[in-house]
Amino acid sequence: MSRAVIYETFGGPEVLQVREVPQPHAGPGEVRVRVTAAALNPMDWILSSAPEWAEQFGITMPSGFGHDFAGVVDEVGAGATGCAVGDRVYGGALGQAVADFVVVTPPTQVPEGPSLSRTPVLLSRTPTGISDEVASTLAVAGGTAAAALAAIGLRSGDTVLIGGAAGGVGVFAVQLAKLAGAHVIGTASQSTFDFLRQLGAEPVAYGAGLADRVRALAPGGVTAATDLFGTETAETALALGVPPERISTIAAGPNPPGGVRATGGADAAPDALQRITDAILAGTITVPIAATFPLEQTRDAVTLAAERHVHGKIVITL
Ligand SMILES: NC(=O)c1ccc[n+]([C@@H]2O[C@H](COP(=O)([O-])OP(=O)(O)OC[C@H]3O[C@@H](n4cnc5c(N)ncnc54)[C@H](OP(=O)(O)O)[C@@H]3O)[C@@H](O)[C@H]2O)c1
């Protein structure tokens with residue numbers, strides 16, 4: 001037997017149950033991963049609480065929980081190529097990750113270095129020197145941050161306003177923007193300011209009056225923006241005269257206001273995660289892990305994450 005977090009009805013963290021389930025096995029073309037870490041993203045609890053979203057993503061009941069994982073390949077099915085037993089891997093598998101095992105069909109050839117596949121399953125080798133906890137945070141948050149900056153053509157010399165800069169996606173976006181040579185202003189609450197400064201961003205409080213505060217911080221103007229929380233940052237950037245094609249949002253649905261660019265992790269460039277893992281190994285990006293929880297405490301982890309004031313990532317360890 002093995003453990004898996006599953007839900008049979010929609011609702012808050014209370015619907016998440018730790019169950020003993022039969023061990024899954026790798027069928028033809030599949031590999032089984034012994035999961036050691038699974039990072040949470042808002043989409044995880046949106047899917048377990050909102051039937052209309054779950055339907056869009058093809059979730060049926062009962063469903064497993066979580067998307068991002070890292071671990072070790074421990075079974076390779078007949079004909080599966082690109083992975084061997086013992087390989088350390090990380091990736092994403094919708095509705096599966098918070099469990100002792102995930103079974104996935106890998107991309108035909110799992111890349112030597114990490115990469116982001118556009119297939120529903122993401123699987124990459126975990127580079128030596130990167131822990132499973134850190135690797136488990138990369139697929140969604142890292143890829144989405146890279147996509148959000150690529151969508152606005154971020155470049156050296158930009159002054160970029162990042163909304164929700166201390167969250168799971170924000171911590172990657174801030175550091176990637178700094179690496180690109182941009183001056184970064186990030187929105188957060190006052191108590192988060194020191195955390196953002198440590199990442200290299202100049203903090204500014206979100207909420208009413210944001211445009212005036214940003215003007216005071218950037219008298220030379222803001223040249224680009226990405227909204228990682230909703231629409232306030234995107235709307236503020238428009239009000240500050242940033243052209244819509246230099247504003248992106250990942251959290252406002254497919255048709256954001258003012259013609260700004262909607263994007264997400266699926267738009268990440270093939271080398272996006274490679275660039276991030278290279279930077280982690282070089283010490284130029286750190287991944288703040290705000291808290292870890294054992295699988296049995298997944299409800300507590302989701303309760304904390306859903307408050308939306310986490311700095312960095314929350315990871316379930318197995
Ligand atoms: N399209 C995609 O592919 C994609 C992928 C990943 C995520 N997303 C979406 O992007 C959003 C961000 O994801 P995430 O993982 O970064 O979320 P997260 O980790 O939950 O974000 C938490 C951060 O949000 C900040 N925050 C709270 N209230 C805010 C407000 N009113 N305005 C601005 N910031 C506020 C908090 O800062 P303080 O603690 O200082 O308040 C905290 O640091 C979510 O809506 C998620 O669903 C989309």
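This one's a predicted model, so the numbers in the text were calculated from it and none came from an experiment. Atoms within each ligand, like the ligands themselves, are counted from 1 in listed order.
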Side chain, backbone, both or neither: which part of [X] has a heavy atom under 4.0 Å from ligand 1?
X    : answer
H311 : side chain
A166 : both
V310 : backbone
T192 : side chain

State the [atom1]-[atom2] distance between [X] and [Y], to the nearest 0.5 angstrom.
X    : Y    : atom1 : atom2 : result
I247 : D227 : CD1   : CG    : 9.5 Å
F293 : R299 : CZ    : CZ    : 14.0 Å
T9   : M61  : OG1   : CE    : 6.5 Å
Q56  : I46  : CD    : CD1   : 11.0 Å
L47  : I59  : CG    : CD1   : 5.0 Å
T263 : L149 : OG1   : CG    : 10.0 Å

Pull out every atom of ligand 1 sitting under 4.0 Å from any heavy atom of [X], numbered as shown with elements.
X    : value
A251 : 10 (O), 11 (C), 45 (O)
T263 : 1 (N)
L228 : 10 (O), 11 (C), 12 (C)
G264 : 1 (N), 2 (C), 3 (O)
A188 : 40 (O)

Pick, from [options], the option with the minimum heavy-atom distance to [atom].
atom                    : options          : result
atom 8 (N) of ligand 1  : V140, L304, I250 : I250
atom 34 (N) of ligand 1 : F195, F193, Y206 : Y206
atom 21 (O) of ligand 1 : P42, G142, G167  : G167

May I ask you to say whether E296 pairs ionically with R3, meaning some side-chain N is under 4.0 Å from a carboxylate O? yes
Any donor-acceptor pair under 3.5 Å linking the side-chain atoms of Q198 with those of D194? no
Where is the nearest protein heavy atom to [atom]: which residue, which atom, and how far?
atom                    : value
atom 16 (O) of ligand 1 : V169 N, 2.9 Å
atom 5 (C) of ligand 1  : T144 OG1, 3.2 Å
atom 26 (N) of ligand 1 : F229 CE1, 3.4 Å
atom 19 (O) of ligand 1 : G168 N, 2.8 Å
atom 17 (O) of ligand 1 : R308 NH2, 3.2 Å
atom 38 (P) of ligand 1 : S189 OG, 3.3 Å

When only distance counts, is H309 in polar contact with ligand 1, meaning an N/O pair under 3.5 Å? yes
Polar proximity ligand 1 side, G265 side, N/O cut 3.5 Å exclusive: yes
Given the options D68, T137, N41, K313 meets side chain to side chain donor-acceptor pair (under 3.5 Å) only with N41
By the definition side chain to side chain contact (heavy atoms under 4.5 Å, CB included), identify the one residue from D158, L154, L161, I162 that meets it with V184. I162
Where do T36 and D132 land on the side chain to side chain donor-acceptor pair (under 3.5 Å) test, with the steps shown first? CA-CA 7 Å; T36 56; D132 286 358; 2.6 Å; yes
Please indicate whether Q23 has more than 12 foreign heavy atoms, meaning atoms of other residues, nucleotides or ligands, lying under 6.0 Å from its CD. yes
